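Below is one structure, written out as structure tokens; comments come after it.
Heavy-atom basis, side chains included; hydrogens, waters and symmetry copies ignored. The chains referred to below are lettered A, B, ... by the order of the sequence lines, with proteins before strands, and numbering in each begins at 1. Values in this document were obtained by computation on a predicted structure and should not be read as measured data.
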Amino acid sequence: MQYWLFKSEPDSFSLNHLKKMRKSPWDGVRNYMARNYMRSMQPGDLGFFYHSRVDPPGIAGVCKVVSQPYDDFTALDKKSKYFDPKSTADNNRWSLVDVEYVETFKHFVTLEELKDHPELKDMVVTRKGNRLSISPVQPAEWKVVLALGRGK
DNA sequence: GCCAACGTTGGC
DNA sequence: GCCAACGTTGGC
């Protein structure tokens with residue numbers, strides 16, 4: 001059982017969208033490191049839902065992995081903006097998992113707050129220039145952020 | 001297999 | 001909207 005951070009631009013997909021849908025495939029990851037992380041996910045893993053490219057950016061709540069990793073079907077769909085001409089049904093370069101809504105934090109934990117906590121200084125998301133849309137979260141970091149989000 | 005050019009991400 | 005930082009591509 002592992003912890004993760006899922007990053008998304010809320011204009012295209014927010015935690016509220018996931019809440020309404022209850023469950024959704026996390027499609028469109030087109031970065032090898034992020035894909036490799038996703039391929040190591042297991043049902044039951046938990047993740048923070050991070051909102052990027054908004055003011056302020058930060059963690060909105062929690063979601064849960066509810067499937068094994070499987071082929072990202074949007075890579076084969078010519079009409080999708082995630083279409084990948086180098087992927088085929090037999091050899092799809094990209095993977096995804098299904099995620100389910102768990103909770104919305106009472107208190108939105110901003111990036112600035114994350115950076116303010118010395119225990120969180122090694123979190124991937126607080127590193128400068130980080131562009132990974134999927135990253136691992138350490139259990140100790142998970143506890144700290146969860147406490148912040150639930151308002152202690 | 002190097003690396004310049006390009007496209008994208010994401011904080012500000 | 002700007003632009004630094006980064007990953008990917010493709011010519012050589």
Whenever both distances are under 3.5 Å in a Watson-Crick or G-U wobble pair, mark it; put DNA chain C into dot-bracket that way, with [ ] for crossing pairs and | when the partner is on another strand. ||||||||||||

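- Looking only at distances, no side-chain donor or acceptor of A/Asp77 sits under 3.5 Å from a matching main-chain atom of A/Phe83.
- Although no hydrogens or angles enter the test, the distance criterion places no donor-acceptor pair under 3.5 Å between the side chain of A/Asp27 and the main chain of A/Leu96.
- To the nearest 0.5 Å, the span separating CG on A/Asp72 from CZ on A/Arg35 amounts to 11.0 Å.
- Inter-residue side-chain proximity for A/Leu146 and A/Phe48 is flagged as met; some heavy-atom pair is nearer than 4.5 Å.
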Please tabulate the protein-to-nucleotide N/O contacts below 3.5 Å involving nucleotides 10-12 of chain C, giving atom names and distances.
none

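- Atom-to-atom, CG of A/Asn31 to P of B/dG7 comes out at 18 Å; the value is rounded to the nearest Å.
- Aromatic rings from A/Trp94 and A/Tyr32 are positioned such that their centres are separated by under 6.0 Å.
- Following rounding to the nearest Å, A/Asp11 (CG) and B/dT9 (P) show an atom-to-atom distance of 13 Å.
- Rounded to an integer number of Å, the gap from CZ of A/Arg30 to P of C/dT8 is 12 Å.
- Across the protein-nucleic acid pair, A/Met33 atom CE and C/dA5 atom P stand 18 Å apart, rounded to whole Å.
- Between A/Arg93 and A/Asp84 there is a salt bridge, since at least one side-chain N of the basic residue sits less than 4.0 Å from a carboxylate O of the acidic one.
- Atoms CG (A/Asn36) and C1' (C/dG7) sit 14 Å apart, rounded to a whole Å.
- Residue contacts for A/Asn130: at a heavy-atom cut-off of 4.0 Å it reaches the sugar-phosphate backbone alone, with no base atom in range.
- As rounded to whole Å, 14 Å separates atom C1' of B/dG7 from atom NZ of A/Lys81.
- For the ring pair (Phe, Tyr, Trp, His ring centres under 6.0 Å) test with A/Phe6, the passing option among A/Tyr101, A/Phe13, A/Trp26, A/Phe49 is A/Trp26; the others fail.
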Walk me through it: do A/Val65 and A/Met38 pass the test side-chain contact (heavy atoms from CB on, under 4.5 Å)? CA-CA 10 Å; A/Val65 176; A/Met38 206 142 48; over 6 Å; no

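- With rounding to whole Å, A/Leu132 atom CG is found 18 Å from B/dT8 atom P.
- Interatomic distance, OG1 of A/Thr110 versus NE2 of A/His51, reported as 13.5 Å (0.5 Å rounding).
- For the pair A/Asp84 CG and B/dT8 P, the interatomic distance rounds to 14 Å; values are reported in whole Å.
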